[in-house]
Protein chains: 2
Amino acid sequence: MTAAASELGFVMSYHASSLASGRSHNIGVVLPFVNRWYFATLLEGANSALMDAGYDLTLYDFQGDRYRESVLGDFLLRKRLDGVLAVSLQLNAHETEQILAAGIPVVGVGGPLPGIPTLRIDDVEVGRRATNHLISLGHTRVAHLGGEHEYGRNFEISSGRRAGYEDAMAAAGLPLREAWSLISDYSANDAYKETKQLLADAEERPTAIFCASDEMAFGAMLAARDLGLRIPEELSVIGVDGHEMGEILGLTTIDQFPRSQGTRAVERLLALVQDDGDAAAAGPADELMETRLVVRSSTSAPRIPAGQPGA
Amino acid sequence: MTAAASELGFVMSYHASSLASGRSHNIGVVLPFVNRWYFATLLEGANSALMDAGYDLTLYDFQGDRYRESVLGDFLLRKRLDGVLAVSLQLNAHETEQILAAGIPVVGVGGPLPGIPTLRIDDVEVGRRATNHLISLGHTRVAHLGGEHEYGRNFEISSGRRAGYEDAMAAAGLPLREAWSLISDYSANDAYKETKQLLADAEERPTAIFCASDEMAFGAMLAARDLGLRIPEELSVIGVDGHEMGEILGLTTIDQFPRSQGTRAVERLLALVQDDGDAAAAGPADELMETRLVVRSSTSAPRIPAGQPGA
DNA sequence: TTGAAAGCGCTAACAG
DNA sequence: CTGTTAGCGCTTTCAA
């Protein structure tokens, strides 16, 4: 296209171009919730990388499971996408086959998706590290607030972090109480309710809680404050994600750099797309991303006021 | 298409269909930040309405101003969109002309965009109502934390809410102090910093603060707590948006139902698209959306401890 | 009513 | 190396 043409306001038709070439310069991003910090931030990263490469981003938000079927069964198969980024998505055999049969390159984040190259953090290790941080401070009464089983299809993650928690507790010879293993829907509000209930009984109260996301940790911190418990003196809290608001709450967390996950996943996907599905060119099938423990003021050695049960 | 065909796994090519018919069943959503609660929630609403109507959603996230030019100058003009939803976007004459010249129906949210049908709340009224809530409780020392001037292009909103605040203060014969008029970037973290500075000087301290968003209100509440100020006894806080986390923080707010704004905006846009740009069919050029004052525990009459300056 | 044919505006392959 | 032409897979129009 000449400069003169573009100055006249001429713009090429991408429909025609797509039809003729088979390339649409359009990537689909599939995720369970746009309105959770982790996903929104990862999406931002993906968006940056795609804009920079001149690609459009088509968003498919399951909104829990509400649109799961129609996205997987209809939208993704319309052959208008050069590739799909699947975030925290768990596919069954039929679904995987259907997508791959459509000939669309897919990269997953937070998998594993069998047969699909995936980017992820080591969730078991994250759970272990968070729990060990608390244990190394001297805590023996450690609770865990994880993700809902109901969302298990999309959130296999939560079981990994829980496994790491149980692992670390066992390795330290510490007791796992059923009452200390909480399940929420990953929202701050639900975490607040669960934590308030957990902390209500002074006898059974843990001295520390490991939350599988920062948003849940926010809820836990607020619940503790509302019960008059001091953080970290009477309750230590650690989260996962690296949410900016953690700074002003003083939340100790394991940062997983979701933005970088988004840009890296797009890099991988575009490599696949541009090398025409040649998986080898795109790097390892299972790529592990960095995480980092960020210690702030929400965790410390347990300093339990007199009259409380203690370690 | 027959049922038999679809059972054989046949899927129509949307590229060909788009080229032949000129309709792509694809709507662009333009917004300044996916990672702010208001925008993410509005996006969720838009996504629902679009999925239900069988439309794809192409996301254009400016990320502040980072991609503003390329979205407006390149991406939107590629003629692959049946319509555009422009959220909190302010266009200059050239930009408006360019978009309209491309023949793409546009609906705005939070405008006004001259020449484009727009959905919005009455921001001046919102500012007035929030401020009057505080005044009616007996506050005379009321501060305002609003949006950044730097983002003025996208956030004309902030000036409306500020105008309402100044309006209400003047109507009640109350003083406006420059030190009580704060500006932040709409994030909780920045609001925290600004508020902490504001509240540091006990002499000059207001007894109430009106924040132009709930996320900013969260920051303000945390700043107050960290300074040892009790909410609402020593500081009342009111926000705008209706963020769910406001429930567990007890934040009084003016709910603007962003999800409904998203679905309603899509309704309007699809009406335009399907009636082939016949603006009359799509409703009023400037549609006002509902808001609702939700009173919780972050606001009350000022009850200032002895030794503090007061009303 | 049903069926054939002519584009939609590009890309890619081919011939000159 | 440049210029021409045949599709890409639909929608829509026109003839039967």
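Residue numbering restarts at 1 for every chain, and letters A, B, ... go by the order of the sequence lines.
- Distances shown here put a side-chain N or O of Ser17(A) below 4.0 Å from the OP1 or OP2 atom of dT11(C).
- Rounded to whole angstrom, the span from the OH atom of Tyr14(A) across to the P atom of dG9(C) amounts to 16 Å.
- Under the 3.5 Å distance criterion, with hydrogens and angles disregarded, no donor-acceptor pair is assigned to the side chains of Asp286(B) and Thr118(B).
- The side chain of Phe10(B) has dC10(D) as its nearest neighbour among dC10(D), dT11(C), dG9(C).
- dC10(D) atom C1' lies 15 Å from atom CZ of Arg23(B), rounded to whole Å.
- Regarding His25(B), its NE2 atom lies at a distance of 14 Å from the P atom of dC10(D), rounded to whole Å.
- Here the side chain of Asn26(B) pairs no donor or acceptor atom with the backbone of Leu81(B) at under 3.5 angstrom.
- Rounded to an integer number of Å, the gap from His15(B) NE2 to dC10(D) P is 12 Å.
- Using a 4.0 Å cut-off between charged nitrogen and carboxylate oxygen, Arg68(B) and Glu95(B) count as a salt-bridge pair.
- Checking each of Val84(A), Thr96(A), Leu76(A) against Val106(A) for a side-chain contact (heavy atoms from CB on, under 4.5 Å) leaves exactly one that passes, namely Val84(A).
- Distance CZ (Arg78(A)) to P (dG9(D)): 18 Å, rounded to an integer number of Å.
- With distances taken from any side-chain atom of Leu19(A) to the nucleotides dC10(C), dC10(D), dG9(D), the minimum falls on dG9(D).
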